[in-house]
Amino acid sequence: MPFRSKETLEAWLDEFRTTREGGQLINVLVQHGGDGADTGLVVVPLKNEGTEIYMQPVSVGDPHWSVTLGERSKPLELSSLDLQALVAELAVAAALCQFLQDKSAAHTED
């Protein structure tokens with residue numbers, strides 16, 4: 001059954017960083033699933049937006065991941081350059097989520 005411990009996710013994140021640019025600020029936190037298992041929580045900080053993206057497995061045994069955008073305390077006003085920078089960060093997050101899903105689908109861990 002697919003299982004993603006913090007150690008496994010950190011190794012996958014290291015691999016992701018070697019395959020594409022970006023992702024240096026991304027980190028993995030311990031997250032305990034409903035059955036007490038360490039399912040992992042990946043945090044992608046958005047550098048200029050004051051919030052984060054959280055990625056986590058949908059459930060143990062399911063290779064799909066869910067993405068949550070952190071709350072903002074006020075409306076976001078951007079210039080065209082700021083918006084382009086945000087799009088680039090979101091593209092890295094989307095690529096990482098797909099990477100984690102692909103790795104999860106092919107992985108089993110005791």
Side-chain angles (χ1 to χ4, degrees):
M1 163 174 17
F3 180 77
R4 289 85 37 173
S5 67
K6 183 176 188 297
E7 183 178 272
T8 297
L9 291 175
E10 286 174 340
W12 290 355
L13 187 51
D14 287 342
E15 181 181 341
F16 176 79
R17 288 179 182 128
T18 64
T19 61
R20 64 173 293 131
E21 201 170 310
Q24 289 75 21
L25 298 177
I26 300 168
N27 57 53
V28 180
L29 304 176
V30 172
Q31 168 142 324
H32 296 290
D35 62 356
D38 171 12
T39 60
L41 178 67
V42 177
V43 180
V44 181
L46 297 176
K47 289 189 282 188
N48 299 315
E49 307 317 317
T51 191
E52 299 170 319
I53 295 173
Y54 305 96
M55 295 180 193
Q56 61 188 337
V58 172
S59 66
V60 174
D62 187 339
H64 296 96
W65 284 65
S66 67
V67 176
T68 303
L69 296 171
E71 291 185 38
R72 296 195 42 80
S73 60
K74 59 182 182 175
L76 181 60
E77 196 171 309
L78 301 171
S79 70
S80 62
L81 290 177
D82 293 336
L83 182 58
Q84 289 175 359
L86 177 58
V87 167
E89 289 182 299
L90 293 173
V92 169
L96 175 60
C97 188
Q98 184 63 54
F99 179 84
L100 293 171
Q101 287 184 167
D102 292 345
K103 295 296 276 188
S104 292
H107 181 74
T108 58
E109 183 173 314
D110 296 327

Review point. Are any of the side-chain heavy atoms of F99 and L13 separated by less than 4.5 Å?
Key: no
Review point. Taking the side chain as C-beta and beyond, is there a heavy-atom pair between L100 and W12 under 4.5 Å?
Key: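 In contact.
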Exercise for review: Kindly say whether R72 contributes a backbone atom to a donor-acceptor pair with the side chain of T51 at under 3.5 angstrom?
Suggested key: no
Point to revise | Flag, side chain of Q101 to backbone of P63, donor-acceptor distance under 3.5 Å | key: no
Once rounded to the nearest 0.5 Å, what's the spacing between atom [atom1] of [X] and atom [atom2] of [Y]?
| X | Y | atom1 | atom2 | result |
| --- | --- | --- | --- | --- |
| L96 | I26 | CG | CD1 | 5.0 Å |
| L46 | L76 | CG | CG | 9.5 Å |
| L29 | L9 | CG | CG | 10.5 Å |
| Q56 | S66 | CD | OG | 4.5 Å |
| I53 | E89 | CD1 | CD | 8.0 Å |

Review point. Any idea which heavy atoms bring W65 and P57 closest together, and the distance?
Key: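 Here W65 and P57 meet closest at CE3-N, 3.6 Å.
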Exercise for review: Under the salt bridge (Lys or Arg N to Asp or Glu O under 4.0 Å) rule, collect the residues that match up with R17, sequence neighbours excluded.
Suggested key: D14
Exercise for review: State plainly whether one hydrophobic cluster holds both V42 and L69, where clusters connect Ile, Leu, Val, Met, Phe, Trp and Tyr through side-chain heavy atoms under 4.5 angstrom apart.
Suggested key: yes
Exercise for review: Assess whether side chain to side chain contact (heavy atoms under 4.5 Å, CB included) is satisfied between L41 and M55, documenting all intermediate values.
Suggested key: CA-CA 6 Å; L41 178 67; M55 295 180 193; over 6 Å; no
**Study point:** Listed partners of Q98 passing side-chain hydrogen bond (donor to acceptor under 3.5 Å, both in side chains), at least two apart
**Key:**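 Counting only residues at least two positions away or on another chain, Q98 forms a side-chain hydrogen bond (donor to acceptor under 3.5 Å, both in side chains) with D102.
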Check your understanding: When you check the side-chain N and O atoms of E52 and Y54, is any donor under 3.5 Å from an acceptor?
Key -> yes
